[in-house]
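Being a predicted model, the structure only gives us computed values, none of them experimental.
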Amino acid sequence: NYQGIVHVPVNVHGYNGSEPQQQRSIIEDSILFGTHCRGGGRGKSGGSHDHNKNHHPHHRSKDRKKKDGKNTASSNTTSGGADDDDDDDNNDVHENIERTKLSFSTISQATEKKKTKKKKKKYHDSSSSSSNSKTSTTSTSSSDHIKQKQKQQQQQQRQPPPPPPPPPPSSPFSKENKSHSKNANTFTSSNASRQKPPPPPPPSSSSSSSSDNRNSKEEIIQQILQTNDYYQMLNLDKSSSSSSSSLKMSATSSASTSGVVDEETNTLTVTPIKSLDGTVTLPGSKSLSNRCLLLAALSKGDTRVENLLESDDIRYMLEALDKMEVPVVRDETDPTAVTVTGQAGPINAPSDVAAADEICELFLGNAGTAMRPLAAALCMGKGRFVLDGVPRMRERPIADLIDGLKQLGADVSCVEETGCPPVTINAKGLEGGKASISGKMSSQFLSSLLMASPTATGDVTISIKDELISAPYVSLTIGLMKKFGVNVQIEGDMDGQPSFHIPASESYQSPKSILVEGDASSASYFIAGAAITGGTVTVRGCGSESVQGDVAFADVMEQMGAKVTWSPESITVTRDPNVQLKGVDVDCGKIPDAAMTLAVAALFADGPTTIRNVYSWRLKETERMKAIVAECTKLGATVEEYRDYCVIHPPKDNKINDNVLIETYDDHRMAMTFSLAACGGVNVIINDPGCTAKTFPTYFEMLESIATH
């Protein structure tokens, strides 16, 4: 019983608390206006749509199996398009305006009743009897209209759906200065017949030109949003959106100095690169920046944090600390430095919010390094919290972390059907205890529990019940905790099923000042660029003494034929022009972010390259496995996709296709990774270059500073 219209160009991962289910697509403009977007839930319990079963993502997934996997990206679009409303038909939209005035509690209650009944009920039955009189009088005719629509959709399901309308201009999730070209929303793959259909790209903003009908529909949707107090419902701060946009504009401005920028289509053309030569000083690490800020907030004393990364993720963490009244003083002369006054223990809700028994609402965008650690840390204090983010954040699993916190006694929950945010916390402090969690989905869950544990009143023991991926990130966390005075006792092998013990006697003490190491993931682009072109590049900020696992990417380039020279705080890479890069077979489980860069380097290698143990790609800022496969294929490669690995066969004679439009899916690493395709002597068009603001706003400017064209 979901009523209303929401623009949902997202890709929901079903999640049952332990294993990710098959990815499902939510079609734009679906009628899904309820307490949760449940399209990606488990089977029949995942959603309570009255749509034709053939159109439901759950049933579509069964259909795919019947076809033995012989499905193309276009066929997925066709079958999914049956859920779309007619873009030019506003009558059904008008009829739904009054229906959307139903309170979310009423809709939720109706949904729960419906789950327990086998027979379908019409909209005007007793489940909606508590709605207002206006809703009741229009429901019958609206229901008939929807049924008629479904019959039309069944007849047309083999035809491509009409293009979806742009989102409402004032939507809190819309991106300013962002538009996509006509083919930006299309995956193309020569081997699509043996691949699962890839996900739709991230939401695009309104097109520069729209028909009168679309404008009318936008106005209607805006009325719906205002009627339901949409901004309050999603706990959004409009100032955060504008701040994020300014960072994106800054990143786009940086891009304009390194290539040809088309402001109308929001694309950057990276012109052919002959060689990369020079020295690059890396910005601060994203993972280390947010960890340092949180530990400084939990410590006793003031901590000066230097070389913070200037990016969206760090901004969300700083804004969250501000909202929780943790004193943070920005350095007026150095934008990468702040001084944090620690709470000498757990972080509580702001005094005025706690006094009124209200909820402290935190919007964290798509920052996993803020969402997961804060979810754990806030359980240790006192207060009521809701942690939310952008649509993609609502697809990123957090159930394993929630499970671990519950084992320690926390009153915390996420969306049960998806295992994803929003996260709701009713914190009353924790005494400690034992927790056994899964480590095969993300190492951030373990890192988050470890960082929060010293603020519990008793001993905490955390064990891994299956396997631990990205173990270097956990080692990074433990090493940083030691700098803040906490020693973690480790039992077992980090590559097996280790356990961790934090005694109650351990507490955080400020180190007075701490310097954030340069981002090793960002170093991978310049290291690979030197290996591809045969130039000589030195990256400063991380080296042989780095605490980050991604420095191991340099070893992979060495396996492919590059020459690598190490120093404690820098790495220098070059390649003999007479030595061609060769394909490799690498387990990248410990370097999943840098492994994306390997995918582009593979285009220039002699022979195929296999990138293994990267299931976590599917859970990142976008569904990176599908994105990598699609964009490498556009450039001329043949890519074999499997559950947790892929095999990339380079183009014939390593000739990259020219003037390819690279869709970035609002994923910063997609933009930076595929800019290196220009090293093949071709123009590469990067869609939405400003998305690099998440971690590296000045990337394109820095790339241009060492490029010879």
Side-chain angles (χ1 to χ4, degrees), residues 173 175-178 180 184 201-204 243-255 258-259 266-268 270 280 282-290 308-317 364-371 389-393 395-396 444 518-526 528-529 548 550 553 591-600 616-628 631 662-677 684-703:
F173 295 132
K175 303 289 184 183
E176 293 184 16
N177 300 316
K178 178 179 178 181
H180 295 265
S204 60
S243 178
S244 177
S245 297
S246 66
L247 263 178
K248 267 208 161 190
M249 291 173 67
S250 174
T252 305
S253 175
S254 168
S258 58
N266 190 24
T267 58
L268 165 71
V270 182
V280 172
L282 299 169
S285 161
K286 176 186 71 172
S287 299
L288 283 171
S289 291
N290 271 347
L308 277 175
L309 176 63
E310 293 184 88
S311 73
D312 286 345
D313 282 23
I314 280 59
R315 177 179 57 81
Y316 284 123
M317 176 65 86
L364 301 171
N366 199 14
T369 56
M371 173 66 75
V390 298
R392 177 59 184 171
M393 178 58 80
E395 301 173 303
R396 300 180 68 180
Q444 283 187 13
D519 190 74
S521 300
S522 297
S524 68
Y525 312 121
F526 305 105
Q548 300 172 77
D550 276 355
F553 178 78
I591 57 168
D593 286 346
M596 295 178 68
T597 314
L598 176 58
V600 174
S616 62
W617 273 3
R618 300 187 184 275
L619 310 174
K620 296 287 188 176
E621 282 81 347
T622 189
E623 216 284 29
R624 286 177 172 171
M625 181 70 81
K626 296 291 185 185
I628 290 284
E631 305 313 307
I662 298 297
E663 175 56 57
T664 55
Y665 315 100
D666 201 24
D667 187 334
H668 55 129
R669 299 208 184 280
M670 287 295 295
M672 294 184 282
T673 295
F674 281 91
S675 67
L676 297 178
V684 178
I685 306 169
I686 305 296
N687 192 37
D688 185 23
C691 67
T692 59
K694 181 174 172 65
T695 53
F696 203 161
T698 60
Y699 168 74
F700 288 106
E701 180 180 351
M702 199 168 288
L703 177 67

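- Counting heavy atoms from C-beta outward, Asp519 and Gln548 have side chains that approach closer than 4.5 Å.
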Q: Using the side chain to side chain donor-acceptor pair (under 3.5 Å) rule, take Thr369 and Asn290 through it: C-alpha gap first, then chi angles, then the decisive distance, then the call.
A: CA-CA 6 Å; Thr369 56; Asn290 271 347; 2.9 Å; yes
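- For the pair Gly284 and Ser289, the tightest heavy-atom approach, listed with the atom from each and the gap, is C-OG, 4.3 Å.
- Here Phe526 contributes atom CZ and Leu676 contributes atom CG; the two are 8.5 Å apart, rounded to the nearest 0.5 Å.
- With hydrogens and angles ignored, the 3.5 Å screen pairs a side-chain donor or acceptor of Arg392 with a backbone N or O of Thr622.
- For the atom pair Leu309 CG and Arg315 CZ, the distance stands at 12.0 Å (nearest 0.5 Å).
- Rounded to the nearest 0.5 angstrom, Leu308 CG and Met317 CE are separated by 11.0 Å.
- Using a 4.5 Å cut-off on side-chain heavy atoms (C-beta onward), Tyr665 and Lys626 make no contact.
- Between Lys620 and Asp593, some side-chain heavy-atom pair lies under the 4.5 Å cut-off.
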Q. Are Asp667 and Arg624 close enough, and set up right, to give a salt bridge (charged side-chain N to carboxylate O under 4.0 Å, His left out), and what steps lead you there?
A. CA-CA 9 Å; Asp667 187 334; Arg624 286 177 172 171; 2.7 Å; yes
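- Side-chain polar atoms of Tyr699 and Ser675 form a donor-acceptor pair below 3.5 angstrom.
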Q: Quick one: do Met672 and Thr695 satisfy side-chain contact (heavy atoms from CB on, under 4.5 Å)? Show the steps, please.
A: CA-CA 10 Å; Met672 294 184 282; Thr695 53; 3.7 Å; yes
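- Under the 4.5 Å side-chain criterion, counting only non-hydrogen atoms from C-beta, Asn366 is not in contact with Pro391.
- Rounding to the nearest 0.5 Å gives a distance of 11.5 Å between OH of Tyr525 and CG of Leu703.
- For the pair Ile628 and Trp617, the minimum side-chain heavy-atom distance is below 4.5 Å.
- Using a 4.5 Å heavy-atom threshold, the side chains of Leu268 and Phe700 count as touching.
- Note that the CG atom of Asp550 and the CD1 atom of Ile591 stand 6.5 Å from one another [nearest 0.5 Å].
- Across every non-hydrogen atom of Met702 and Val280, the tightest pair is SD-CG1, 3.0 Å.
- Taking 4.5 Å as the limit, some side-chain heavy atom of Met596 sits within range of a side-chain heavy atom of Met670.
- Atom-to-atom distance recorded for Glu621:CD and Met393:CE is 8.5 Å, nearest 0.5 angstrom.
- Phe553 and Ser524 get closest at one heavy-atom pair: CE2-O, 3.5 Å.
- The main-chain N or O of Asn687 is found under 3.5 Å from a side-chain atom of Thr664 such that the two form a donor-acceptor pair.
- Nearest heavy-atom pair across Asn266 and Pro689 is O-CD, 3.4 Å.
- In this structure, the side chains of Arg669 and Ser521 come closer than 4.5 Å at one or more pairs of heavy atoms.
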